[in-house]
Asker: 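Take this structure, written in structure tokens, and hold onto it; I'll ask about it next.
Chain letters run A, B, ... following the sequence lines, proteins first and then strands; every chain starts at 1.
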Amino acid sequence: GENVEQHPSTLSVQEGDSAVIKCTYSDSASNYFPWYKQELGKRPQLIIDIRSNVGEKKDQRIAVTLNKTAKHFSLHITETQPEDSAVYFCAAAGAAGNKLTFGGGTRVLVKP
Amino acid sequence: EAQVTQNPRYLITVTGKKLTVTCSQNMNHEYMSWYRQDPGLGLRQIYYSMNVEVTDKGDVPEGYKVSRKEKRNFPLILESPSPNQTSLYFCASSPGQVLYEQYFGPGTRLTVT
């Protein structure tokens, strides 16, 4: 089955700096890659996603890039703010679009 | 308000006592899924359903059952809970029959002693 690895497990950045989280996946048939943000004690919330026919997608301060050849995708957060502090999860879904495999999560701390 | 609801939110039970965690969505979504979240292991998919009466196993289905008799409801059943099923459980739903743009419920924290 699919295996998703996420790095780093923790990330501390200064407010205003950029944060980058990287994920690799094993199933070359995977074609949907969402990112979720989970604040302490809350539910995961979708922040951005990308499908395999697109190499990059941006939404304000958040961007995701996908390299299908290398089977990796990354989340970029620019101009970080304290409210960006949370755990971020990447995930990958297979071609059928019915099973989702998550990475282990990255705890991001933005220091004011 | 569009939402996914779960009940109960917190549950402490004993080994072997059957329990059901309910999940309901009011968005007319076709796809629904259950996940468990454990420290260091992230979220893992237990079961999913692409439509009424259509369910299938995720990555960790052992010890769980589900049913989908109505579009809005997708209960998770633990016939004989064990301590290794102590976890935080999330239900999620998506429009269409695939899992794009999933909305998560608030979570159910289950402790099995």
Asker: Let me see the donor-acceptor pairs closer than 3.5 Å between chain A and chain B, or none if nothing turns up.
Answerer:
{"unit_1": "Tyr32(A)", "atom_1": "OH", "unit_2": "Glu101(B)", "atom_2": "N", "d": "3.0"}
{"unit_1": "Gln38(A)", "atom_1": "OE1", "unit_2": "Gln37(B)", "atom_2": "NE2", "d": "2.7"}
{"unit_1": "Gln38(A)", "atom_1": "NE2", "unit_2": "Gln37(B)", "atom_2": "OE1", "d": "3.0"}
{"unit_1": "Arg43(A)", "atom_1": "NH1", "unit_2": "Phe104(B)", "atom_2": "O", "d": "3.0"}
{"unit_1": "Gly97(A)", "atom_1": "O", "unit_2": "Leu99(B)", "atom_2": "N", "d": "2.9"}
{"unit_1": "Asn98(A)", "atom_1": "O", "unit_2": "Tyr31(B)", "atom_2": "OH", "d": "2.5"}
{"unit_1": "Leu100(A)", "atom_1": "N", "unit_2": "Gln45(B)", "atom_2": "OE1", "d": "2.9"}

Asker: Are Met50(B) and Phe104(B) grouped together when hydrophobic residues (ILVMFWY) are joined by side-chain heavy atoms under 4.5 angstrom apart?
Answerer: yes
Asker: Is it true that atom CD of Gln60(A) has more than 12 heavy atoms of other residues, nucleotides or ligands lying nearer than 6.0 Å?
Answerer: no
Asker: Please determine whether residues Ile48(A) and Val20(A) belong to a single hydrophobic cluster, defined as Ile, Leu, Val, Met, Phe, Trp and Tyr linked transitively by side-chain heavy-atom distances below 4.5 Å.
Answerer: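 Each belongs to a different hydrophobic cluster.
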Asker: Taking all non-hydrogen atoms of both residues, which atom of Leu43(B) and which atom of Phe102(A) are closest, and how far apart?
Answerer: O-CB, 3.4 Å
Asker: Check each atom of Val4(B) against the heavy atoms of chain A and say whether the ones under 4.5 Å are side chain, backbone, both or neither.
Answerer: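 The backbone, not the side chain.
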Asker: Going by residue number, which parts of residues 68-79 of chain A are within reach of chain B, meaning a heavy-atom gap below 4.5 Å?
Answerer: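 Listed by number, there are no contacting residues, so the answer is none.
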Asker: Is there a path of hydrophobic side-chain contacts, each under 4.5 Å between heavy atoms of I, L, V, M, F, W or Y residues, that connects Phe90(B) with Leu11(B)?
Answerer: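 No, no single cluster joins them.
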Asker: Given heavy-atom pairs under 4.5 angstrom as the criterion, report whether the side chain, backbone, both or neither of Pro34(A) touches chain B.
Answerer: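 The answer is neither part of Pro34(A).
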Asker: Would you say Ile12(B) has more than 12 foreign heavy atoms packed within less than 6.0 Å of its CD1?
Answerer: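 Check fails, neighbour count at 12 or below.
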Asker: Please tell me whether Phe89(A) and Ile47(A) are part of a single hydrophobic cluster in this structure, the criterion being side-chain heavy atoms less than 4.5 Å apart.
Answerer: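 In one cluster with Phe89(A): Ile47(A), no.
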Asker: Check the hydrophobic clustering (I, L, V, M, F, W, Y; side-chain heavy atoms under 4.5 Å; chains of links allowed) and say if Leu100(A) and Leu46(A) are grouped together.
Answerer: yes
